[in-house]
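The next block holds one structure in the form of structure tokens; read it before the comments.
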Protein chains: 2
Amino acid sequence: MLLLKELPTPKSLEKFAARYPDTDIQAISDFVSLLRASADISQALDRLLARYGLLQGRWWILVLLLRQDNLSSSPTDLAEKAGVTKASITGFIDSLEREGFVQRLPSADDRRKYQIRLTAAGLQKLDEIIPDYNRKIAGLMSALSLDERHDLLSLMKRLVANLEAMQ
Amino acid sequence: MLLLKELPTPKSLEKFAARYPDTDIQAISDFVSLLRASADISQALDRLLARYGLLQGRWWILVLLLRQDNLSSSPTDLAEKAGVTKASITGFIDSLEREGFVQRLPSADDRRKYQIRLTAAGLQKLDEIIPDYNRKIAGLMSALSLDERHDLLSLMKRLVANLEAMQ
DNA sequence: ACAAAACATTATGGTTCCTAACTAGATGGA
DNA sequence: TCCATCTAGTTAGGAACCATAATGTTTTGT
């Protein structure tokens, strides 16, 4: 994710507004700052996961599997929950299987289907990461009180709810 | 960006906390929700830009050039401002140059250097996108009052300031 | 003069993600 | 029953984004 280090300055915003007169400078400036802060947070997570040889793609697949009762799920289900195509899931599974973190198990009732199951090694990997992850995330979020976090999420969700206006 | 559609449910969080006892469930849940909202917003921008054949990488490079006085900058400067390596900038410039949006101009004083300049076509492309971009972003941000936006950014910045605690 | 530093590129590869085409298997109606 | 159709998953091919390492060229500093 390209993360703009250089936020717009008052001077560059003026210049921008001069060329594009109807600009709501404040809105643009706030939007860019928000994107930048979001990207910083996402990148920090990437850095944390990278210490364990993962990035967000494969991490979230492992987390989705951990949530399941029998630590397993189907590619189609994972695709829906992760918000990517089935073809993309195949790639993630290939990569995770190569490292021994998941297994493809044939389905008893339908021979087209597979169950993707977290292996003992995959669970062990999560056991290695998650205590650290928990500590780091709790540390991060402790910058805000519970009420402030609630406000933050509520404001973000109102923005997200208004995204359709962007289409 | 893999965007987890399926946020943790109370049940899956319980399960999580059972295996990892010191979990601050609320912190994890808030963090994941925040990432998800951020990703939604970033994706909406991608979709907007995609209608004009751009994605965020090349878009931000064009915006950085637009901010410059003579619509030009050096690869090194762009790399710093965009937060990527110079090698990555070379790729962006190659792609933008192929489409005629920027030009590489030799530098008068130093033959190692180039100036990357926005061409007339590049400026025209921005003129095509930015009025729509302005309208859409203003529409999005209008979901919140100025005070609320200020609060949102202030909360986000406090989180970002605490990111070092994650390392 | 010459070593060191700076600028940009090339080479190479990894990750994430897509669409389109395909195979294998299941299903449902004639 | 049989065949068209649907579903599950993979393969093929490619694009965007981004990094490290090595390289060539030019400038700078001593």
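Fair warning: this is a prediction, and the values are worked out from it, not measured in the lab. First the proteins, then the strands, lettered A, B, ... as listed; each starts at 1. Quick note: numbers below take in every heavy atom, side chains included, and nothing from hydrogens, waters or symmetry partners.
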From [atom1] of [X] over to [atom2] of [N], roughly how many Å is that when rounded to an integer?
{"X": "A:Asp94", "N": "D:dA12", "atom1": "CG", "atom2": "C1'", "answer": "13 Å"}
{"X": "A:Asp109", "N": "D:dA8", "atom1": "CG", "atom2": "P", "answer": "12 Å"}
{"X": "A:Asp110", "N": "C:dA26", "atom1": "CG", "atom2": "P", "answer": "5 Å"}
{"X": "A:Asp77", "N": "D:dA8", "atom1": "CG", "atom2": "C1'", "answer": "13 Å"}
{"X": "A:Arg104", "N": "D:dG9", "atom1": "CZ", "atom2": "P", "answer": "10 Å"}
{"X": "A:Tyr114", "N": "C:dG25", "atom1": "OH", "atom2": "C1'", "answer": "11 Å"}
{"X": "A:Glu97", "N": "D:dG9", "atom1": "CD", "atom2": "P", "answer": "14 Å"}
{"X": "B:Leu96", "N": "D:dA16", "atom1": "CG", "atom2": "P", "answer": "11 Å"}

From the options [options], select the nucleotide whose nearest atom is closest to the side chain of [X].
{"X": "A:Arg111", "options": "D:dT26, C:dA26, D:dA8", "value": "C:dA26"}
{"X": "B:Ala87", "options": "C:dA8, D:dT20, C:dA20", "value": "D:dT20"}
{"X": "A:Ser88", "options": "D:dT20, D:dG9, C:dC18", "value": "C:dC18"}
{"X": "B:Arg112", "options": "C:dT16, C:dA26, D:dT25", "value": "D:dT25"}
{"X": "B:Val84", "options": "D:dG9, C:dA8, D:dA19", "value": "D:dA19"}
{"X": "B:Arg58", "options": "C:dC17, C:dA20, D:dA16", "value": "D:dA16"}

Contact nearer the 5' end of DNA chain C, comparing B:Ser74 with A:Arg98: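 Result: B:Ser74.
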
With nearest nucleotides of DNA chain D determined for B:Leu54 and A:Pro75 from heavy-atom distances, which residue corresponds to the more 5′ nucleotide?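 The residue mapped nearer the 5' terminus is A:Pro75.
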
Minimum heavy-atom distance between [X] and [Y], given as atom pair plus value:
{"X": "A:Gln56", "Y": "A:Ser42", "answer": "NE2-OG, 2.9 Å"}
{"X": "B:Arg104", "Y": "B:Glu97", "answer": "NH1-OE1, 2.7 Å"}
{"X": "A:Ser33", "Y": "B:Leu153", "answer": "CB-CD2, 3.9 Å"}

Electrostatic pair A:Arg19:B:Asp127 at N-O distance under 4.0 angstrom: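 Counted as a salt bridge, because a side-chain N and a carboxylate O are separated by less than 4.0 Å.
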
Do A:Tyr133 and A:Trp59 have ring centres separated by under 6.0 Å? yes

Within less than 4.0 Å of OP1 or OP2 of C:dA8, is there a side-chain N or O belonging to B:Thr90?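 So the side-chain polar atoms of B:Thr90 never come under 4.0 Å of the phosphate oxygens OP1 or OP2 of C:dA8.
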
So what does B:Thr76 touch, heavy atoms closer than 4.0 Å: a base, only the sugar-phosphate, or nothing?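 Since only primed, P, OP1 and OP2 atoms lie under 4.0 Å of B:Thr76, the category is sugar-phosphate.
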
Counting the atoms with a prime plus P, OP1 and OP2 as sugar-phosphate, which does B:Lys86 contact under 4.0 Å by heavy atoms, base, sugar-phosphate, or nothing?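 B:Lys86: base contact, heavy atoms under 4.0 Å.
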
